[in-house]
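Before any comments, here is the structure.
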Amino acid sequence: MKRTLETLLAAALLQLNKDGWLTTDAALPTAVVERTRDRLHGDFASTVALALAKSARRKPRELAEALRMRLPSDPSIDRVEVAGPGFLNFFLAPDAYHRVIQQVLADGDRFGCSTLGGDRRVQVEFVSANPTGPLHVGHGRGAAYGSVVAELLAAVGFRVHREYYVNDAGRQMDILATSIWLRYLELCGEVFRFPSNGYQGNYLWDIAATLHRTLGEGLRIAAASVLEAVPEDAPTTEEQAAGTGLTGDKEAHIDGLIGRAKELLGAKRYRTVFDLGLHAILEDIQSDLGHFGVQYEEWYSERSLTERGKVNEAIDRLKAGGHLYLQEGAWWFRSTAFGDEKDRVVVRENGQPTYFASDIAYHMEKLERGFEWVVDIWGADHHGYVPRIKAALTALGADANKLRVLLVQFAILYRNGTRMQMSTRSGEFVTLRELRREVGKDAARFFYVLRSAEQHMDFDLDLAKSQSNDNPVYYCQYAHARICSVFRALAEKGLSWDRSTATLERLTESHEQALMTTLSRYPETLEAAALAYAPHLLAHYLRELATDFHTYYNAHPFLVEDADLRSARLALVEAARQILSNGLRIIGVSAPDHM
RNA sequence: GCGCCCAUAGCUCAGAUGGAUAGAGCGUUGGCCUCCGGAGCCAAAGGUCAGAGGUUCGAAUCCUCUUGGGCGCGCCA
């Protein structure tokens, strides 16, 4: 409906230009129409006349009037008024709203979807947490946000490819594998001090136990031998408080242990431990996300990137382009040439490519796959990483604008009114699974998506866990369940309703008008939410829709004697139910028949 | 120190490309079905849009500065 008006207005603008009202050198402004806040101003309004006034050297009201005269007639429009300093106010014909109801009932699950995307392929990569431990509530925000962004893009006609980048290579994974092995050695009866920089979480014990169960003591090596020539560790915070005299470096210590693990186990046995940990944790993440309502088209392995030579290819291409230089034994990418604040290492002194090198290869490969554009959803702490990735893509001759990085701010977790720290390494965190079990998938997802991604979010665990009506998801679900209940009551009373449109003009109450207006806003809301990557717009819309329904419900009975009126009201209410259902589905929240 | 993000009602937050009187939820106060589900509805109170300048017909929105917070600045990922 919004689009219709904009098309009409664009035509009027063109005509106005032809008639010589506008200076020829000025570009024609886009015909933007927006919803009015006040019903007295009609249904839609445009400010083009105000915007145009200066360049055309005309009074805004004159321009508005001239535009009004040139608007093609349309059955949806009842009348157009010039108001205030030069607003064009559009008043829709009641019939236009009736057609919306018919359209909703006809389209059903598809209502609101569009072909805006034209089947263009878009990739959305999100979560991509290192498989070094279970997902925590911080990942939950990215999971909810990313999956809804993907759903929104799909709803407006893009072919969406959802992808999780699995960091199954690199030092963090080595730390994990070594931590698992050390726990295994403890299960074998070895006694030693666990490294401060190892992964401390309890889930490590489970994996170590599996290892012990399947391989017995086949990987056991005496602790003294393992620790031989390994640099001293630094104290943990607890040890520091207790005054332990360790003065070493925790990174050097863990690297030493990793080296010993590889050395003592040999490549093959080390890989066994490594892969066991990787698969156990990855499967955990996959099932966790699955239960959270998040599906991927692809789980993309970082290791496969190396194995297929993609990392070397990227490095070679950068070298060939003259974008790398050797300094102190390492290869540096001259990212400052493309706007980054400093140059970055891509190949370490020891010959190992950095994580950044893999990431360059990954993004190069993403664009090679022919997506219209690719969306990366990252935690806001990675914002400094954006310029170097874009720099690399530019250096490789790719269009860096095809990469859109969306940063999700942290959810600051509160429990009992106090802020909680989250750290995978220390093992002290609330997992996504815990949250899901305590709050439920529906509430958790809705809660996450209610806030715009660029806002810092206070996640009050107690509030989210309490099944109070503070949580707006129940409010929306209740509206849906209530409508279903109305139709059950209809059947119980032996009444019927007729979808035929003939009686929709009986919808004359202000509550009915308000609800119809809200229904008509759904398609444009979906579109805006998709294009702005802003799921919260949809969440807020659904809450408004639920409000309009509940208000209407309280003000007027639907199951009235008058069959025409009854059918009209039920058609309206059924349309509301359909949209609640459609919108909740996109957010990944169920629309229950009863609660 | 440098860079990015943020600051709107008591609390949590909406206000895309500058538009008409800045909105919602929660909380507070006071009301509402013998009825289709009270997880609901109605009403009231609540604002120096962090502060100060600037741009213009018009600024919560754009620019500059200040204050206050978050994050980043590794041959980690």
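The sequence lines fix the lettering, A, B, ..., with proteins before strands; numbering per chain opens at 1.
Between G10(B) and A45(B), the distance separating the two P atoms is 15 Å to the nearest Å. Separation of the P atoms belonging to U64(B) and G25(B) is 36 Å when rounded to the nearest angstrom. Comparing the same atom, P, in G1(B) and in C65(B) gives a spacing of 15 Å after rounding to whole Å. The separation of G58(B) from G18(B), taken at their C1' atoms, amounts to 8 Å, rounded to a whole angstrom. Taking atom C1' on both nucleotides, G70(B) is separated from C57(B) by 38 Å, rounded to a whole Å. Between C75(B) and G15(B), the distance separating the two P atoms is 39 Å to the nearest Å. Atom name P, nucleotides A9(B) and C5(B): the rounded distance is 22 Å, in whole Å. Only the C1' atoms considered, G40(B) is 49 Å distant from G54(B), to the nearest whole Å.
Judged by Watson-Crick or G-U wobble contacts below 3.5 Å, the nucleotide A77(B) has no partner. Using the Watson-Crick or G-U wobble rule with both distances under 3.5 Å, C62(B) pairs with G54(B). Both distances falling under 3.5 Å, in either a Watson-Crick or a G-U wobble arrangement, occur for no nucleotide opposite C49(B). Across all strands shown, C26(B) pairs with G10(B); the Watson-Crick or G-U wobble distances both stay below 3.5 Å. In a base pair of the Watson-Crick type (N1 to N3 plus N6-O4 or O6-N4) or a G-U wobble (N1-O2 and O6-N3), with each distance short of 3.5 Å, C2(B) is matched with G72(B). Using the Watson-Crick or G-U wobble rule with both distances under 3.5 Å, U21(B) pairs with nothing in any strand shown.
Residue E544(A) is classed as having no contact, given no heavy-atom separation below 4.0 Å to the nucleic acid. Using a 4.0 Å heavy-atom distance criterion, Y553(A) is classed as a base contact. Across all strands shown, A534(A) has no heavy atoms under 4.0 Å from either base or sugar-phosphate atoms. P557(A) comes within 4.0 angstrom of a nucleotide base, judged by non-hydrogen atoms across all strands. Note on F356(A): nothing from the nucleic acid sits closer than 4.0 angstrom, heavy atoms only. Heavy atoms of H556(A) sit under 4.0 angstrom from at least one base atom. Note on T551(A): only backbone sugar-phosphate atoms sit closer than 4.0 angstrom, heavy atoms only; bases stay farther off. At a threshold of 4.0 angstrom between heavy atoms, the contacts of E34(A) include nucleobase atoms, whether or not backbone atoms are also involved.
A close approach under 4.0 Å does not occur between any side-chain nitrogen or oxygen of T47(A) and OP1 or OP2 of G18(B). Taking side-chain N and O atoms only, S452(A) has a distance below 4.0 Å to OP1 or OP2 of A14(B). Contact between the side-chain N/O atoms of R348(A) and the OP1/OP2 oxygens of G74(B) is not found at any separation under 4.0 Å.
A salt bridge links R171(A) and D255(A); the closest N-O separation between the charged side-chain nitrogens and carboxylate oxygens is under 4.0 Å. A salt bridge links D174(A) with K262(A): the distance from a Lys NZ or Arg NE/NH1/NH2 to an Asp or Glu carboxylate oxygen falls below 4.0 Å. Salt-bridge check for R35(A) with E524(A): passed, with a basic side-chain N closer than 4.0 Å to an acidic carboxylate O. For the pair E65(A) and K59(A), the salt-bridge criterion is not met [side-chain N within less than 4.0 Å of a carboxylate O].
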| Candidate pair K2(A) and E527(A), rule salt bridge (charged side-chain N to carboxylate O under 4.0 Å, His left out), full reasoning | CA-CA 11 Å; K2(A) 189 176 174 216; E527(A) 201 172 296; over 6 Å; no
| task | Assess whether ring pair (Phe, Tyr, Trp, His ring centres under 6.0 Å) is satisfied between Y145(A) and Y533(A), documenting all intermediate values. | result | CA-CA 9 Å; Y145(A) 177 70; Y533(A) 308 112; 8.1 Å; no
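Checked against C13(B), C41(B), G3(B), the side chain of H383(A) finds its nearest nucleotide in G3(B).
Judged by distance alone, the side chain of D343(A) and the main-chain N or O of T336(A) form a donor-acceptor pair under 3.5 Å.
Residue-to-nucleotide proximity on RNA chain B shows that, of A380(A) and A489(A), the 5′-proximal contact is made by A489(A). Comparing K342(A) and L559(A) by the nucleotide of RNA chain B that holds the closest heavy atom to each, the one mapping nearer the 5' end is L559(A).
With centres under 5.5 Å and a plane angle under 30°, the ring of F87(A) is stacked against the base of A20(B). Here H536(A) does not pack flat against the base of A14(B), since the 5.5 angstrom centre distance and 30 degree tilt limits are not both met.
For A20(B), the base has a donor-acceptor partner in the side chain of N89(A) [N/O atoms by modelled type, under 3.5 angstrom].
Look at CG on L537(A): it is 16 Å from P on C13(B), rounded to the nearest Å. Look at CG on D340(A): it is 10 Å from C1' on C73(B), rounded to the nearest Å.
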